[in-house]
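First listed ligand is number 1; within each ligand, the first listed atom is number 1. Index from 1, following the sequence. These numbers were taken from a predicted model, which means no experiment stands behind them.
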Amino acid sequence: MTRLLIKNGTVCNDDSMFKSDVLVEDGKIVNIAQSIDPPSSDVEIVDATGRLVIPGGIDPHTHMQLPFMGEIAKDDFHRGTEAAVAGGTTMIIDFVIPNKGESLLVAYDRWRNWADPKVVCDYGLSMAITSWSPEIAHEMELVTGEQYGINSFKFFLAYAGVFMVRDEEFYQGMLQCAKLRALARVHAENGAVIKERADDLLQQGVTGPEGHTQSRPEELEAEATFRACTMAAQANCPLYVVHVMSKGAAAAISHHRQQGAIVFGEPIAAGLATDGSHYYHEDWLHAARYVMSPPLSRDPSTPNALMKLLAAGELHLTATDNCTFDCKQKALGKDDFTKIPNGVNGVEDRMSVVWDRGVHQGLIDPMKFVSVTSTMAAKIFNCYPQKGRIAIGSDADIVIWNPNATRIISKDTHHHAVDFNIFEGMEVYGVPEITISRGRIVWADGKLQTEAGSGRFIKLPPDSQIVFSSVDRKKEANKPIKVERGEGKSSEPATSKLITTASSDSNHNFVKKQPPGGASSITF
Ligand SMILES: NC(=O)NCCC(=O)O
Ligand SMILES: [Zn+2]
Ligand SMILES: [Zn+2]
């Protein structure tokens with residue numbers, strides 16, 4: 001039996017902080033108490049004096065070794081998860097992305113075969129829906145079963161001709177998600193308009209990375225986010241917006257939440273710590289390194305604004321969208337920005353970046369930090385409290401976190417498989433000194449102690465409480481209205497059955513008519 005005793009630390013969960021010792025046996029937390037004596041002589045003691053003892057980070061959005069834009073992302077499941085644990089993340093949720101028309105089951109097997117022998121920490125999978133047919137709907141049902149462990153599906157509203165789905169496909173997909181009690185996730189950008197704009201910019205001679213951001217203005221992210229939220233509400237389907245990069249997209253989410261919609265918003269490390277000014281850098285390669293979609297915001301106040309929205313609960317958890325391409329791969333778009341492989345690093349630096357920009361700046365407290373880096377992901381993806389909590393019975397995915405130490409982020413010291421880092425040179429507060437993955441120390445003293453294939457695949461069951469608990473009541477409240485018009489009934493004109501309410505708009509004291517059960521939320 002492997003045993004670890006963490007002494008003298010401050011346990012920090014999303015809802016409480018307290019000084020305590022923590023005993024780990026065979027990958028699980030078995031005791032939490034003010035003072036625990038070593039239960040045997042073979043127990044390894046970890047001194048956590050002056051440190052926080054936090055649940056390992058969960059990154060719910062990565063793309064390890066993704067085949068994309070003719071290339072394969074450099075961080076594979078081995079290097080990518082090594083980078084993760086070096087940064088204090090002990091679980092990733094990656095995406096199975098089938099080719100258009102491909103069987104979900106075939107794509108699922110491919111991803112499991114890539115990941116299982118390589119991962120050094122636990123992982124789960126989400127699945128993209130890139131085309132629509134009755135077979136795909138059926139396979140969605142299969143993969144949400146116990147055998148496969150998928151509980152979320154992602155729809156791309158961008159990447160025309162590659163991953164993008166049409167609105168009606170997205171809507172059908174969300175109806176199926178709602179039926180299966182699986183979470184719909186969306187990459188929200190207006191892919192059709194982006195394509196037009198990109199062609200136009202290229203024709204005008206704008207071929208560099210500055211064309212990438214100009215072809216994808218924030219309005220196109222905001223529009224698609226608003227549309228996705230609107231359609232999800234129509235389908236009575238909870239929605240999770242991945243990589244929220246702009247204030248406009250965040251405002252769309254906030255607006256729909258105020259209407260009672262179930263929407264979650266995920267900013268990423270890149271968007272919380274960098275901005276789109278890099279796209280205008282005079283060194284082509286420098287600019288190309290930051291190419292991702294949606295692009296980093298050109299508004300320099302956006303990173304801080306996104307952090308404030310996390311603090312306010314308007315956005316809910318952080319991820320990275322880790323999808324790394326090296327300089328050689330980025331250079332494939334030298335003459336045409338649409339050919340620069342999209343994606344940036346983040347999985348190693350997210351925890352420090354969020355601590356530094358969030359806790360160290362005084363915007364969030366350590367408990368909120370745990371919430372947005374770990375616990376919310378565990379709750380949304382339905383593996384809580386197995387993951388995302390320091391509690392008896394939980395998996396021993398634990399990080400010994402030094403809140404006062406700093407480190408300088410650099411390509412020379414990172415564990416990614418790429419030759420640059422978008423956070424190069426940033427000095428950040430908050431350092432993961434020891435990372436424990438299911439009871440094994442995998443990172444300590446600045447060194448990895450990992451074993452390929454030692455991570456486990458975590459099956460994620462549907463019907464997460466935090467996602468689905470109000471869905472049935474919403475469905476009941478919005479059930480269709482049928483007007484009985486049987487023979488012999490008096491036939492009053494339909495208009496006389498309208499309910500009349502005073503407008504809430506005090507400037508216009510008019511009366512609006514609403515159909516029974518279907519009041520408009522649009523006011524003028
Ligand atoms: N984000 C990005 O640019 N690359 C990865 C694929 C995606 O998530 O859109
Ligand atoms: Zn995306
Ligand atoms: Zn992504």
Side-chain angles (χ1 to χ4, degrees), residues 59-76 80 84 92-99 111 123-130 152-165 170 183-191 194-195 198 209 211-213 215-216 218 220-221 224-225 228 239-246 249 264-272 274 276 278-279 287-297 317-326 329-330 332-333 337-347 350 377 381 416 418 422:
D59 184 342
H61 183 170
T62 65
H63 302 283
M64 304 308 175
Q65 63 191 81
L66 176 69
F68 188 38
M69 299 180 73
E71 291 296 302
I72 295 176
K74 279 284 167 190
D75 284 332
D76 65 2
I92 61 165
I93 300 179
D94 206 89
F95 289 87
V96 176
I97 308 189
N99 301 318
W111 254 263
Y123 81 105
L125 288 172
S126 192
M127 184 170 268
I129 299 300
T130 53
S152 63
F153 296 95
K154 178 179 177 184
F155 300 85
F156 290 91
L157 304 185
Y159 306 132
V162 187
F163 298 148
M164 190 168 106
V165 288
F170 178 37
L183 179 61
R185 306 175 78 183
V186 67
H187 172 134
E189 284 184 294
N190 188 319
I194 288 166
K195 169 90 181 64
H212 177 73
T213 179
S215 69
R216 310 177 98 101
E218 292 188 10
L220 297 185
E221 186 195 358
T225 306
L239 185 67
Y240 177 116
V241 183
V242 300
H243 46 44
V244 176
M245 303 299 284
S246 63
F264 301 98
E266 169 210 270
I268 62 171
L272 290 164
T274 54
H278 293 286
Y279 299 123
R289 288 170 182 153
Y290 293 82
V291 167
M292 67 157 298
S293 298
L296 294 159
S297 173
L317 73 171
T318 61
T320 62
D321 196 11
N322 194 92
C323 184
T324 54
F325 297 98
D326 64 14
Q329 291 173 309
K330 292 276 183 187
L332 294 170
F337 65 83
T338 65
K339 296 194 166 63
I340 302 170
N342 282 208
V344 296
N345 63 285
V347 76
R350 175 185 65 129
F381 293 97
H416 292 281
V418 283
I422 59 161

Got a donor-acceptor contact below 3.5 angstrom from the Tyr279 side chain to the Gly211 backbone?
no
Suppose we screen for side-chain hydrogen bond (donor to acceptor under 3.5 Å, both in side chains). Which residues come up paired with Asp326, at least two apart in sequence or across chains?
none
Taking Glu266 for its side chain and His243 for its backbone only, find out whether a donor-acceptor pair lies under 3.5 Å.
yes
Do Thr324 and Asn345 have side-chain atoms, one donor and one acceptor, less than 3.5 Å apart?
no
Check the angle between the aromatic planes of Phe156 and Phe163 and answer parallel, tilted or perpendicular using the 30° and 60° thresholds.
tilted
Mark yes or no for whether Lys74, through its side chain, and Met64, through its backbone, hold a donor-acceptor pair below 3.5 Å.
no
In His63, what N, O or S atom is nearest to the Zn ion (ligand 3), if we give its atom name?
NE2
Apply the test side chain to side chain donor-acceptor pair (under 3.5 Å) to residues Asp94 and His63: give CA-CA distance (whole Å), side-chain angles for both, the deciding distance (0.1 Å), then the verdict.
CA-CA 6 Å; Asp94 206 89; His63 302 283; 5.2 Å; no
Using 30° and 60° as the class limits, which term best fits the ring planes of Tyr240 and Phe264: parallel, tilted or perpendicular?
tilted
Could you please tell me which protein N, O or S atoms lie under 2.8 Å from the Zn ion (ligand 2)?
His187 ND1, His243 NE2
Contact table, ligand 1 N/O with protein N/O, distance under 3.5 Å:
| from | atom 1 | to | atom 2 | distance (Å) |
| --- | --- | --- | --- | --- |
| ligand 1 | 1 (N) | Ser293 | O | 2.9 |
| ligand 1 | 1 (N) | Asp321 | OD2 | 2.6 |
| ligand 1 | 3 (O) | Ser293 | N | 2.8 |
| ligand 1 | 4 (N) | Asn342 | O | 3.2 |
| ligand 1 | 8 (O) | His63 | NE2 | 3.1 |
| ligand 1 | 8 (O) | Lys154 | NZ | 3.4 |
| ligand 1 | 8 (O) | Asp321 | OD1 | 3.1 |
| ligand 1 | 9 (O) | Tyr159 | OH | 2.6 |
| ligand 1 | 9 (O) | His187 | ND1 | 3.0 |

Kindly write out the residues that satisfy salt bridge (charged side-chain N to carboxylate O under 4.0 Å, His left out) with Glu221, not counting sequence neighbours, or none if the list is empty.
none
Whether the side chain of Asp59 engages the backbone of Ile92 through a donor-acceptor N/O pair (distance < 3.5 Å, no angle test) should be reported.
no
